[in-house]
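In what follows, a single structure is set out as structure tokens and then discussed.
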Amino acid sequence: MSTYHAVVVGAGFSGAVMAERLASQRGWRVLVLEQRNHLAGNCFDKTDVNGIRIHQYGPHLFHTNKPEVWHYLSQFTEWQPYEHKVLARVGDMLLPLPFNLNSLYRLYPAEHAQQLEQLLIQRYGAGAKVPILQLKQTDEPELRQLADWIYQNIFVNYTMRQWGIKAEDIAPEVLARVPVVLSRDDRYFHDQYQAIPVDGYTALIGRLLSQPGVDVHLQQDALQRLKLSQGEIWLDGEIFKGKLIYTGMLDQLFAYQFGELPYRSLQFEFKQLDFPYFQTATTVNYPNEDTFTRITEFKHILTEQCNSTTIVTEYPQDYDKNDPQKNIPYYPVFTADNQEKFGQYKALAAQYPQLIPLGRLAEYKYFNMDDAVLNALKSFAEL
Ligand code: UDP
């Protein structure tokens with residue numbers, strides 16, 4: 001019989017926080033099974049040949065308003081302050097994102113921009129963050145025109161490309177992540193804490209997992225070692241009585257018995273360039289390009305001094321478990337139908353009292369990194 005008190009599947013933020021808590025606060029022995037050959041899930045980062053820290057699975061910029069998350073993680077890393085900036089290329093303009101008053105003045109001549117600014121502030125208040133779908137509801141014709149312009153030029157095509165469905169079919173919370181901001185603040189996030197782990201996310205997660213009592217097995221297909229049947233869990237052919245913290249996809253865990261849950265995947269095209277800088281902001285979004293959504297230049301994050309630079313271009317695509325180019329799930333797809341299907345898997349999971357589905361994939365939620373950490377801390381507290 002296994003001597004482990006818990007098995008954690010997946011060594012991303014959710015799994016690593018849970019493993020750390022169980023080992024350090026409960027004295028449990030924890031086995032972490034990770035299918036990849038590295039820690040940190042999609043937060044995995046490394047230094048490339050030019051000495052630039054890159055994020056293998058797309059840019060990860062830590063930000064939070066949750067002091068408990070900040071203080072918890074600060075036990076495991078030093079931080080480099082960093083405030084993310086994004087520009088949107090529309091025609092030959094580069095507009096600050098989220099669309100804010102600076103964007104407004106770049107878009108329109110000063111007099112017209114001023115008039116719109118006054119209308120916006122009268123209606124919503126200085127500093128307000130107005131979701132684009134809410135702004136579109138306005139009965140003020142000039143604001144309505146502005147809202148339609150932003151929606152058409154920033155959201156419609158990007159969203160279609162990112163999610164593979166129309167902007168009106170995706171849950172409104174998704175577009176509300178990037179509201180129209182009635183201030184001159186050009187930062188992408190406005191959270192109290194914004195920083196990058198000094199030696200990277202992978203090192204941070206490595207420290208979470210280096211607690212006494214935690215064993216990490218990389219390149220392990222957990223589903224080859226685990227079996228779930230009639231309310232019981234089996235590990236390596238023996239009955240397992242501990243907790244199973246599962247951060248993978250629930251449809252896969254339950255052999256797709258209610259059908260596949262849709263996910264979006266991404267292709268990343270990295271380029272190393274022999275000149276110091278490619279663009280003026282860390283990320284430039286291309287809402288109206290044909291095939292890609294954004295380009296990120298990593299050097300802006302830690303400001304490494306070198307004569308070359310590394311960029312990554314993101315090409316969204318459907319997830320396909322059978323295609324090695326498409327088999328990494330990044331985002332659950334937020335539609336009512338998909339939530340309903342997920343509900344069936346969740347009900348099935350509830351028949352296994354030892355099983356705790358945890359994180360973005362297993363809970364089919366659009367967690368940011370800090371949400372994932374808080375969610376894991378809460379889940380530990382409830383255990
Ligand atoms: N979005 C958009 N245009 C943009 C930026 C964002 O339409 O230039 C929409 C799009 O649907 C996207 C969502 O807003 O999926 C959330 O954007 P965010 O930057 O938070 O996405 P993430 O970084 O999580 O991929």
Side-chain angles (χ1 to χ4, degrees), residues 12-13 41-43 55 57-64 82-91 93-100 103 106-107 129-136 147-181 186-191 194 262-268 279 281-296 298 301 312-319 328-335 338 359-361 364-372:
F13 259 119
N42 287 348
C43 304
H55 302 171
Y57 304 95
H60 283 72
L61 298 317
F62 187 82
H63 58 100
T64 189
Y82 170 74
E83 295 182 326
H84 193 42
K85 297 268 173 62
V86 179
L87 296 169
R89 177 167 283 287
V90 182
M93 286 181 292
L94 281 171
L95 302 175
L97 268 191
F99 193 96
N100 61 38
S103 327
R106 282 205 203 170
L107 181 59
K129 293 178 184 172
V130 190
I132 184 61
L133 296 178
Q134 184 187 337
L135 193 61
K136 266 169 67 65
D148 286 345
W149 189 93
I150 298 171
Y151 186 66
Q152 277 307 325
N153 288 280
I154 307 277
F155 287 97
V156 166
N157 294 329
Y158 187 109
T159 299
M160 182 69 208
R161 200 160 340 110
Q162 172 73 10
W163 297 100
I165 54 178
K166 288 193 185 142
E168 59 256 38
D169 294 334
I170 199 90
E173 305 88 87
V174 172
L175 304 194
R177 287 168 63 91
V178 190
V180 175
V181 178
D186 277 343
R187 297 173 304 163
Y188 200 62
F189 308 114
H190 302 108
D191 296 5
Q194 306 193 34
Y263 294 89
R264 282 300 268 180
S265 185
L266 295 165
Q267 284 265 8
F268 293 103
Q279 61 193 26
T282 309
T283 298
V284 177
N285 286 6
Y286 290 79
N288 302 302
E289 286 298 321
D290 283 345
T291 53
F292 62 96
T293 48
R294 57 188 177 189
I295 298 180
T296 295
F298 292 101
I301 301 175
V312 66
T313 306
E314 294 181 40
Y315 297 85
Q317 56 187 4
D318 266 338
Y319 165 81
I328 300 180
Y330 288 92
Y331 302 88
V333 180
F334 300 91
T335 64
N338 297 347
R360 188 187 267 222
L361 294 178
Y364 210 66
K365 285 194 179 143
Y366 200 157
F367 284 141
N368 289 331
M369 287 182 280
D370 67 327
D371 298 324

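Please read these numbers as outputs of a predicted model, since none were measured by experiment. Just follow the structure's listing: the first ligand is 1, and inside any ligand the first atom is 1.
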**OP:** Consider every N or O of Leu97 and every N or O of ligand 1, then say whether any pair is closer than 3.5 Å.
**Re:** no
Original post:
Got an N/O contact under 3.5 Å between Tyr158 and ligand 1?
Top reply: no
Determine yes or no for a side-chain-to-main-chain donor-acceptor pair under 3.5 angstrom, with [X] supplying the side chain and [Y] the backbone.
| X | Y | value |
| --- | --- | --- |
| His60 | His55 | no |
| Asn288 | Gly91 | no |
| Arg106 | Met93 | no |
| Asn100 | Ser103 | yes |
| Gln194 | Phe189 | yes |

Looking at [atom], what's its closest protein heavy atom, distance included?
| atom | value |
| --- | --- |
| atom 13 (C) of ligand 1 | Val174 O, 3.5 Å |
| atom 25 (O) of ligand 1 | Tyr331 OH, 2.5 Å |
| atom 17 (O) of ligand 1 | Val178 CG2, 3.5 Å |
| atom 15 (O) of ligand 1 | Trp163 NE1, 2.9 Å |
| atom 19 (O) of ligand 1 | Tyr188 OH, 2.5 Å |
| atom 21 (O) of ligand 1 | Tyr366 OH, 3.2 Å |

Original post:
After noting the C-alpha distance and the side-chain angles of Thr282 and Tyr188, does the key distance pass the side-chain hydrogen bond (donor to acceptor under 3.5 Å, both in side chains) rule?
Top reply: CA-CA 11 Å; Thr282 309; Tyr188 200 62; over 6 Å; no
**OP:** Check Lys129, Glu83, His63 against His190 for a side-chain hydrogen bond (donor to acceptor under 3.5 Å, both in side chains) and give me the one that passes.
**Re:** Lys129
Going by the atom numbers of ligand 1, which of them fall below 4.0 Å from some non-hydrogen atom of [X]?
| X | answer |
| --- | --- |
| Asn285 | 4 (C), 5 (C), 8 (O) |
| Arg294 | 19 (O), 22 (P), 23 (O), 25 (O) |
| Ile154 | 2 (C), 3 (N), 4 (C), 7 (O), 8 (O) |
| Thr159 | 7 (O), 9 (C), 10 (C), 11 (O) |

**OP:** Between Gln162, Arg177, Arg89, Met160, flag the one that comes closest to atom 20 (O) of ligand 1 by a heavy atom.
**Re:** Arg177
Subject >> Arg360 side chain near Tyr366 side chain, heavy-atom distance below 4.5 Å >> reply: yes
Subject >> Proximity of Phe268 and Tyr57 rings by center, below 6.0 Å >> reply: no
Original post:
Applying a 4.0 Å heavy-atom criterion (strictly less than), which segment of Val156 is in contact with ligand 1: side chain, backbone, both, or neither?
Top reply: neither
